[in-house]
Protein chains: 2
Amino acid sequence: MSALSDVARLAQVSKATASRALSGRGYVSDEARDRVLAAAAEIGYVVSTNAQSLVTGSSRNVGVVIPFINRWYFGDVLEGIESALIAAGYDLTLYRLSADSAERRRVFDYFLVRKRVDAVIAVGIELAQSEVRMLHALGKPTVGIGGPIDGMATFSIDDVAAAALVTDHLISLGHTRIMHFGGDQSEQMDFRVHSQRLAGFQQAMAAAGLDAGPDAFRTTVLSIPGGYSVGLMVLADPRTRPTAVFAGSDEVAIGTIVAARQLGIQVPNQLSVVGIDGHELADMFSLTTLAQDPGEQGRLAVHRVMEELVGQQPAAPRTWTPFPVRLEVRGSTRAPAASAVAQ
Amino acid sequence: MSALSDVARLAQVSKATASRALSGRGYVSDEARDRVLAAAAEIGYVVSTNAQSLVTGSSRNVGVVIPFINRWYFGDVLEGIESALIAAGYDLTLYRLSADSAERRRVFDYFLVRKRVDAVIAVGIELAQSEVRMLHALGKPTVGIGGPIDGMATFSIDDVAAAALVTDHLISLGHTRIMHFGGDQSEQMDFRVHSQRLAGFQQAMAAAGLDAGPDAFRTTVLSIPGGYSVGLMVLADPRTRPTAVFAGSDEVAIGTIVAARQLGIQVPNQLSVVGIDGHELADMFSLTTLAQDPGEQGRLAVHRVMEELVGQQPAAPRTWTPFPVRLEVRGSTRAPAASAVAQ
DNA sequence: AGCCACTGTGGAACCGGTTCCACAATCGCG
DNA sequence: CGCGATTGTGGAACCGGTTCCACAGTGGCT
C-alpha cells in the first residue's frame with residue numbers, strides 16, 4: 001500500500017506539506033496542493049486510520065452494546081444509531097451482550113476498554129455503577145438508551161407513566177377486569193423496564209379502585225411467541241378471562257391477539273388488547289398502542305455523544321431525558337360488552 | 001493513559017522484553033515475565049490497538065455490510081456473524097447499505113477501503129464486478145451471504161431448487177391453482193433471490209404441466225405487512241382466488257395468512273400457504289416452510305473469512321457453497337377441498 | 001577444553017501519519 | 001526603506017507498539 005511519503009515524493013514536497021494539503025489544515029500554496037492531490041489520486045492513496053488515530057488519539061468509532069438484534073425495538077434503535085453515526089462520519093462497532101455474565105465481563109474488559117472506540121452507547125442494558133465509573137475513568141462519553149442510570153446521560157420513555165396511561169385508557173373504556181402481561185425480570189439484563197411498567201399498571205389500577213393483585217399479572221418473554229403462549233394459557237378459561245389485557249410490549253400484544261383469535265375470542269368485542277411500542281405491525285393488527293420512536297432515540301443518543309465528543313462547551317448534565325410517546329387508538333380496544341362481562 | 005514504556009520502566013526491563021512478556025512471543029524468563037505482568041496490572045495497562053495494528057498491519061476487525069437490520073433473516077444472520085466474530089476475538093463494524101447508490105459509493109470508497117477492516121462480509125448485497133475487484137486488490141478476504149457472485153466465496157441456499165421444492169410440495173398435495181407472491185426486483189439491492197425463486201416456481205409448475213403465467217405471480221415487499229397487503233388484494237375475489245400460495249418468504253406467508261383470516265378464508269381448508277425461511281414465528285402460525293438457518297450461515301461465513309485471514313494453507317476456492325434446507329410441513333398446507341376448487 | 005545451540009535481554013529501526021518549530025520569502029504599511 | 005506580520009515549506013519529534021539484530025551467558029556434546 002502506498003503511504004504518505006510516497007505521495008510526498010511524487011509531488012516533490014515534504015511529508016509535512018503533503019499532510020497539510022490532504023487534511024486542509026495549515027498553510028499550503030495552491031500549486032503544492034494541486035500537485036499533492038494529483039499524486040494521491042494517481043497512486044490511489046488512502047490514509048491509514050491507525051496511524052491517524054495513534055497520533056490524534058481519536059478513532060472516529062463508536063461502540064454500541066445491545067442485548068438483542070432481532071427484536072423490533074432493538075433493531076430499530078440500532079438502525080437509528082447507525083444512520084446517525086454514518087452521517088457524522090463515524091463507524092459503529094457492534095457488541096451484542098447476552099445475559100451470560102462471563103461474556104459480559106469479557107466484552108467490557110477486553111473489547112470496550114482495549115479497543116478503539118471513542119464512545120459507548122448502551123442500549124437496554126443496566127450498567128453497574130462500577131462499569132459506569134470504569135467508562136468515565138477512561139474519559140469516554142457514554143450514553144444509555146432505556147435509563148435512567150445514575151451518573152449517565154440516558155434516554156427512554158417514562159415507563160411508569162406510559163404503563164399508567166394505557167391502563168387508564170382501558171379503565172376509561174369501562175374495563176374492570178384487566179390483566180398485565182409483562183416481562184420477566186430475570187429474562188434479560190435491561191433496565192427496570194419491566195418492574196416500572198408493572199408499577200405504572202398497579203398505580204393506575206389502584207387509583208381507580210380496581211384489583212391488581214398477583215392474579216392480574218403474568219410474566220412472559222417479551223416477544224410475539226411469548227405473548228402467544230401466555231395468551232393461550234390465560235385466555236383459555238372463560239371464567240377467569242379478563243376483558244382487557246395490557247401487554248408489556250407490542251410483540252406480546254400481537255401474540256396475545258393471535259392466541260385470542262385461535263381460541264375463538266373476538267378482539268375487541270370480547271377482549272381488548274393494548275401494547276407499548278408502536279411496532280411496525282401494530283397497524284396491521286389494528287393494535288391500540290402507546291407509540292414511541294426507537295430510531296429517533298438512537299439518533300438522539302448519537303447527537304448527545306457527538307456533543308460531548310466535539311465538546312468545546314461543557315456537555316449537558318448526565319441525567320435522564322424522558323422521550324415523548326403518543327397513544328394511538330386503533331381497533332383492538334373497545335368498551336367491554338355486557339355479555340363478555342357476564343360470561 | 002499508560003504506555004508500554006511505563007510498564008517497562010516499572011518492571012525494570014526494556015520495551016522489547018515487556019512486549020514479549022505481554023504477547024507471549026519470544027524468549028522471556030519467568031522472573032521477568034512476572035515482573036512485567038505485575039507492573040501492567042498495577043498501572044492498569046491496556047495495549048493501544050492502533051499502535052498494534054499500525055505495525056502488524058492487521059486490526060482484528062471485520063466489516064459487515066447489510067441492507068436491513070430489522071428483517072428476520074438479516075437480523076439472524078447478523079447475530080450469527082457477531083457471535084462467531086466475538087468468539088474468534090474479532091470486532092464487528094457494521095455498515096448498513098440502503099438502496100441509495102450515492103450512499104453505497106460512499107460506504108465503499110470511504111469506509112470500507114479507508115477504514116480498518118481486515119475483511120468484509122457482505123450480506124444480501126449484489127456486488128458489482130468492479131467492487132469485487134476493488135476488494136481483491138486490497139487483499140482483503142471477502143465473503144458473501146446470498147450468492148453466487150463471480151469471483152467471491154459465497155454462501156446461500158439454492159433458491160431455484162428451494163422454490164421448486166415447495167412448489168412441488170403444493171403440487172403433490174393436488175393443488176393446481178397456485179400463486180407465487182415474490183419480491184420486487186427493484187425493492188432492494190440483493191442478489192437475484194427474487195428472480196431465482198420465481199424461476200424455480202415456474203420450472204416446477206411447467207414440469208407438472210400447470211399454468212404459471214403472469215396471473216400466477218404478484219410482487220410485494222418481503223415483509224409481513226407486504227404479504228398482508230398483497231394477500232388482501234389477491235384473495236378478496238373468490239373467483240380468481242388460488243387454492244395455494246407459495247410466498248417468497250415466511251414473512252410474506254405470515255402476512256398472507258393474517259390477511260386470509262381477516263377475509264374469513266380458512267387456512268389450510270380453503271387456502272394452503274407455504275413459505276421459505278424457517279422464521280421464528282412459523283411454528284406459531286403453523287406455517288409449512290422450507291427452513292434455512294441464517295445464524296449458521298453467518299457463522300460459516302466468519303469461519304471462511306478466518307481461514308483466509310489466518311491462512312497459511314491456500315484458502316478454498318472462491319465459489320458458491322449451497323446451504324442445506326429442510327422442508328418443515330406444518331398445518332398451513334393440505335390437499336385442496338373439492339368445494340374450494342369448485343368455488 | 002572447545003564449539004555450537006539455545007535462552008534471555010536491550011538497542012534501534014520501523015509502521016504511517018500529525019504537528020511543533022525554525023526558517024525563508026513576500027507583503028503591507030508607517 | 002525598514003520592520004513586523006503573514007504565508008509557505010521542510011526537518012524532526014512523536015504517538016505506542018513489534019520485531020530484527022547483536023550480544024552475552026549457559027549448558028550439552030564431542
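- Of the listed residues (A:Leu78, A:Ile86, A:Val62), just one forms a side chain to side chain contact (heavy atoms under 4.5 Å, CB included) with A:Leu92, and that residue is A:Leu78.
- Rounded to whole Å, atom P of C:dC21 lies 17 Å from atom CZ of A:Arg25.
- Counting heavy atoms from C-beta on, the side chains of A:Val28 and A:Thr17 come closer than 4.5 Å.
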* **B:Phe74 and B:Phe68: CA distance, side-chain angles, deciding distance, ring-ring contact (aromatic ring centres under 6.0 Å, His included) verdict** => CA-CA 6 Å; B:Phe74 294 96; B:Phe68 306 101; 5.3 Å; yes
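- Within a 6.0 Å sphere centred on CD of B:Gln129, heavy atoms belonging to other residues, nucleotides or ligands number more than 12.
- Regarding A:Asp6, its CG atom lies at a distance of 15 Å from the P atom of C:dC14, rounded to whole Å.
- Using a 4.5 Å heavy-atom cutoff, the side chains of A:Val64 and A:Val120 are not in contact.
- Following rounding to the nearest Å, A:Asn50 (CG) and D:dT18 (C1') show an atom-to-atom distance of 14 Å.
- Contact check of residues 36-43 of chain B against DNA chain C (heavy atom, cut-off under 4.0 Å) returns no residues at all.
- Rounded to whole Å, the distance from CG on A:Leu54 to C1' on D:dT18 is 13 Å.
- Under the 4.5 Å side-chain criterion, counting only non-hydrogen atoms from C-beta, B:Tyr90 is in contact with B:Met306.
- The distance between atom CZ of A:Arg35 and atom C1' of D:dT9, rounded to the nearest whole Å, is 11 Å.
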Between protein and nucleotides 6-10 of chain C, what N or O pairs are separated by less than 3.5 Å?
from, atom 1, to, atom 2, distance (Å)
C:dT7, OP2, B:Tyr27, OH, 2.4
C:dT9, OP1, B:Ser29, OG, 2.8
C:dT9, OP2, B:Ser29, N, 2.8
C:dT9, OP2, B:Ser29, OG, 3.1
C:dG10, OP2, B:Ser14, N, 2.9
C:dG10, OP2, B:Ser14, OG, 3.2
C:dG10, OP2, B:Thr17, OG1, 2.8
C:dG10, N7, B:Arg20, NH2, 3.0
C:dG10, O6, B:Arg20, NH1, 3.2

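- Cation-pi geometry between B:Arg71 and B:Tyr73 is not met at under 6.0 angstrom from the ring centre and within 45 degrees of the axis.
- Rounded to whole angstrom, the span from the CG atom of A:Leu4 across to the C1' atom of C:dC15 amounts to 13 Å.
- The distance between atom CG of A:Leu22 and atom C1' of C:dG17, rounded to the nearest whole Å, is 11 Å.
- You'll find the side chain of A:Leu37 reaches within 4.5 Å of the side chain of A:Arg33, heavy atoms only.
- Contact annotation: B:Gln52 reaches the phosphate of D:dT18 (side-chain N/O to OP1 or OP2, under 4.0 Å).
- A donor-acceptor contact under 3.5 angstrom links the side chains of B:Asn61 and B:Thr93, judged on distance only.
- When the side-chain nitrogen and oxygen atoms of B:Tyr45 are compared with OP1 and OP2 of D:dG17, one or more of them lie within a distance under 4.0 Å.
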